[in-house]
Participant: 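Can you read through this structure? Questions will come right after.
Quantities reported herein were computed from a predicted structural model and do not represent experimental measurements.
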Amino acid sequence: MTDANLSDHAHPTLYIVPTPIGNLADITQRALDVLASVDVVAAEDTRHTARLLSHFSISAKTFALHEHNEQQKAAALLTRLQQGQSIALVSDAGTPLISDPGYHLVTQCREAGVRVVPLPGACAVVTALSASGLPSDRFSFEGFLPPKTKARQDTFRELADDPRTLIFYESPHRIRDSLADMREVLGDARRVVLARELTKTFETIHGAPLGELIEWLSEDPNRLRGEMVLLVAGHRADKTALPTAACHALGLLAAELPLKKAAALVAELYAVKKNALYKWGLENL
C-alpha cells in the first residue's frame, strides 16, 4: 500500500475509522486499507466488529473499548502506541466519539504526542441533516436526549430560543415520550424531521409540524422501529412582536397619561409603531 497515512511501525498512529451506519457498501477503501494494516482494532463491541471484518475478509486482532471500560483501558492502548503499534478505533456504526466511545483515548494520545489521524466517513448526524430540508448552515448536535421527563423538558427549555437546527439521537422505546415532552415545551407548530433506519432497507425521512408528526408516528407501529435521528427547526423570532422594554415603558406612562399619548411617546423612544403599541395597551393594560 502506498498511502502515506497507512500504518507503519516508524510512525505509530491512532486512526479514527468510521464504519457504515447500515449499508456496508458505504465503507471507504481507505477505511478497509487501514483496518487491514493496523496491529489492533479497538472496537466498541468486538463481536459486532468481527462480523464487519469477516465480511471484508480482514483478519485483525480486536480489543474491547466501550463506555464502561474506556477510562481504564485507554492507558493500555496508549502504551501499545508508544511501543510502536498502530491502532484503528471503531464504534459499532458511524464515526467514533460522536455519541460513541473514544474521547478518553484520543485525549490521552493528543496529550502524549501520539499521532491521531481521522478518516472521513459515515455519520448519522450529517446524513440526516443533508436530507432533512432544514437549514444546515448552523446546527447544534445535542446527542442522546435524557431518559427522564423532567430532564428532557429542561433540555428543551434551554434550547427553545436557539435559532440553529437542533439534532438529537433517540431510541425507539423512548421516541413517543420524547416527542410528547418536546410538544409540551415547544408547541405543536415547531417543524421536526424524524430520520430512521438511515441507509437501510426501510429508511424513512419524514418532516412535519410536531403535532402532525406525533399523529403520523401513531398511525403505524413500524414507524417506531430502528435507530432514530430527530432534527428540530430552530426558533424564529416574531418580527412583529413588540419589545418587552417598550411594553413595560407603556405600562408606566399609561398610568400617568392617556393611552394614546403614552403610546406616541413610547413609539418614538423605541422606534416601533404607535398603533401596535396602542392596541397592545388596550388588550393588556
Participant: Going by atom types alone, do Ser140 and Glu142 pair a side-chain donor with an acceptor below 3.5 Å?
Facilitator: yes

Participant: I'd like to know if Arg174 and Asp177 make a salt bridge, using a cut-off of under 4.0 Å between side-chain N and carboxylate O.
Facilitator: no

Participant: Has Lys273 got more than 12 heavy atoms of other residues, nucleotides or ligands less than 6.0 Å from its NZ?
Facilitator: no

Participant: Aromatic rings Phe156 and Phe168: how do their planes relate, parallel, tilted or perpendicular, breaks at 30° and 60°?
Facilitator: perpendicular

Participant: Verify salt bridge (charged side-chain N to carboxylate O under 4.0 Å, His left out) between Asp33 and Arg30, making sure each step is shown before the conclusion.
Facilitator: CA-CA 5 Å; Asp33 290 343; Arg30 187 180 176 203; over 6 Å; no

Participant: Is it true that Asp188 and Arg183 make a salt bridge, defined as a side-chain N closer than 4.0 Å to a carboxylate O?
Facilitator: yes

Participant: Taking atom CD of Glu227 as the centre, does the number of heavy atoms from other residues, nucleotides or ligands within less than 6.0 Å exceed 12?
Facilitator: no

Participant: For Glu219, is the CD atom crowded, meaning more than 12 foreign heavy atoms sit under 6.0 Å from it?
Facilitator: yes

Participant: With a 4.5 Å cut-off on side-chain heavy-atom distances among I, L, V, M, F, W and Y, is there a chain of contacts connecting Val229 to Leu145?
Facilitator: no

Participant: Any side-chain donor paired with an acceptor under 3.5 Å for Ser91 and Asp100?
Facilitator: yes

Participant: In this structure, which one of Leu166, Ile175, Ile167 forms a side-chain contact (heavy atoms from CB on, under 4.5 Å) with Leu230?
Facilitator: Ile175

Participant: Working to the nearest 0.5 Å, report the span between CD1 of Ile27 and CG of Leu119.
Facilitator: 9.5 Å

Participant: Around atom NE2 of His248, are there more than 12 heavy atoms of other residues, nucleotides or ligands at under 6.0 Å?
Facilitator: no

Participant: Is atom CZ of Phe202 surrounded by more than 12 heavy atoms (other residues, nucleotides or ligands) closer than 6.0 Å?
Facilitator: no

Participant: Is the side chain of Thr95 donor-acceptor paired with the backbone N or O of Pro18 at a distance under 3.5 Å, no angle test?
Facilitator: no

